[in-house]
Amino acid sequence: MTWIKICGITNFEDAQLALDAGADALGFVFYEKSPRYIAPERAAEIAEKLPVNLEKFGVFVDHASQQMNETVHNVGLTAVQFHITSQDESLGQQKNAVVACNGRKKYLALPATFFLNGGAHDYFGLQSLNGVDGLFLDSGTAEVPGGTGKAFGWAEAAPVVEGLRGSTKIVVAGGLTPGNVADAIRILKPWGVDVSSGVEARPGKKDPERVRAFIAAVRQTEKSNS
């Protein structure tokens with residue numbers, strides 16, 4: 001089954017909605033510039049009401065720090081999704097800081113352009129994925145790390161995803177909607193999908209019909225491909 005994460009949760013009602021609809025994981029964004037930002041204290045209140053076995057992701061952007069570790073612990077998160085927005089010499093150091101979050105799953109999120117530009121294979125290197133549980137491919141930029149509402153070139157990325165699939169779990173994000181997620185799964189065959197803006201009524205507030213339609217579309221695609 002395709003793993004499904006509903007990201008940008010800011011209130012308990014949306015968390016319960018996603019859970020009831022069949023989501024495998026929820027995401028809380030701790031990037032203060034995001035319209036989907038949630039304070040750690042508020043996220044902890046929501047997480048406390050959710051099933052223990054539900055995956056709860058903390059989304060962080062650049063510059064891993066002690067504050068990130070404290071948030072992970074205080075909120076009761078089960079996984080870290082760490083967005084790296086620039087291909088600079090500190091990338092390896094940031095990845096190592098994420099790996100140091102003991103006892104939690106660790107995922108890196110990278111703009112798909114890192115790979116589509118041809119540089120990331122050499123610069124990032126599959127060997128540097130050691131200690132990472134999975135890789136999110138997104139359409140983010142340095143200015144807007146996630147939640148852009150725009151898809152990257154799936155067909156262009158397909159060979160890269162195929163090459164990475166044997167080394168790590170690949171999650172596709174960026175611009176997914178109930179109307180196009182079937183195409184993304186058909187083209188990329190990812191381990192999982194991640195959606196935020198594509199199931200919103202407005203930034204930070206989910207649309208119940210779109211959440212249910214998104215998850216239904218994923219499950220229907222699985223049946224069609226079986």
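Along the sequence shown, residues are numbered consecutively beginning with 1. This is a predicted model, so every value here is computed, not measured.
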Heavy-atom nearest pair, Asp194 first then Cys7, reads OD1-CB, 3.5 Å
Closest approach of Phe30 and Pro40, non-hydrogen atoms and distance? CE2-CA, 3.8 Å
Transitive ILVMFWY side-chain link Val211 to Leu50, under 4.5 Å: yes
Does one hydrophobic cluster hold both Tyr37 and Tyr31, with members joined at side-chain heavy-atom distances below 4.5 Å? no
Just wondering, do Arg210 and Val195 contact through their side chains at under 4.5 Å, heavy atoms? no
Using a 4.5 Å cut-off on heavy atoms from C-beta on, say whether the side chain of Leu135 contacts that of Leu110. yes
Is any side-chain heavy atom of Val181 less than 4.5 Å from a side-chain heavy atom of Thr221? no
Tell me, do Thr2 and Trp191 make a side-chain contact under 4.5 Å, heavy atoms counted? no
Please lay out, stage by stage, how Lys105 and Glu55 fare under the test salt bridge (Lys or Arg N to Asp or Glu O under 4.0 Å). CA-CA 10 Å; Lys105 294 180 180 179; Glu55 291 192 81; 3.4 Å; yes
Taking Asp138 for the side chain and Pro111 for the main chain, is one N or O donor matched with an acceptor at less than 3.5 Å? no
Over 12 non-hydrogen atoms of neighbours within 6.0 angstrom of CD in Glu45: yes
Nearest atoms (heavy-atom pairs only) where Ile170 meets Leu137: CG2-CD1, 4.3 Å
Check: Val199 and Asp207 side chains under 4.5 Å, non-hydrogen atoms: no
Looking at Phe57, does the NZ or CZ of Lys5 lie under 6.0 angstrom from its six-membered ring centre and within 45 degrees of the ring axis? yes
Stepwise side-chain contact (heavy atoms from CB on, under 4.5 Å) check, Lys33 with Val61: CA-CA 10 Å; Lys33 294 181 181 180; Val61 178; over 6 Å; no
Under a 4.5 Å cut-off applied to non-hydrogen side-chain atoms, are Glu162 and Pro159 in contact? no
Is Asp14 reaching over with its side chain to a backbone N or O of Ile9, donor-acceptor style, under 3.5 angstrom? no
With sequence neighbours left out, the residues meeting side-chain contact (heavy atoms from CB on, under 4.5 Å) with Ala109 are Gln81, His83, Phe136
Does the side-chain contact (heavy atoms from CB on, under 4.5 Å) test come out yes or no for Glu222 and Met1, once each step is laid out? CA-CA 7 Å; Glu222 294 169 343; Met1 289 180 62; 3.9 Å; yes
Measuring from Asp133:CG to Thr168:OG1, what's the distance to the nearest 0.5 Å? 7.5 Å
For Phe82 together with Phe60, are the ring centres under 6.0 Å from each other? no
Using modelled atom types only, decide if a donor and an acceptor are shared between the side chain of Gln16 and the backbone of Asp20 within a distance under 3.5 Å. no
Would you check, one step at a time, whether the test side-chain contact (heavy atoms from CB on, under 4.5 Å) holds for Phe214 with Thr177? CA-CA 6 Å; Phe214 183 88; Thr177 69; 5.7 Å; no
Does the side chain of Val29 reach to within under 4.5 Å of the side chain of Ile38, using non-hydrogen atoms? no
So, does Asn180 use its side chain to make a donor-acceptor pair with the main chain of Gly175 at under 3.5 Å? yes
Nearest 0.5 Å, what's the CZ-CH2 distance between Arg186 and Trp154? 9.5 Å
What heavy-atom pair brings Pro190 and Ala184 nearest, and what distance separates the two atoms? CD-O, 4.1 Å
Could you walk me through whether Val218 and Ile185 pass the side-chain contact (heavy atoms from CB on, under 4.5 Å) test, one step at a time? CA-CA 8 Å; Val218 174; Ile185 293 173; 3.9 Å; yes
Nearest heavy-atom neighbours spanning Ala173 and Phe152: O-CE2, 3.5 Å
If you round to the nearest 0.5 Å, how far is CD1 of Ile46 from CD of Glu13? 8.0 Å
So Leu77 and Lys56, do their side chains get closer than 4.5 Å, heavy atoms only? yes
Under 3.5 Å donor-acceptor, Arg165 side chain and Leu188 backbone: yes
Heavy atoms of Thr10 and Arg36 approach each other most closely as CG2-O, 3.6 Å
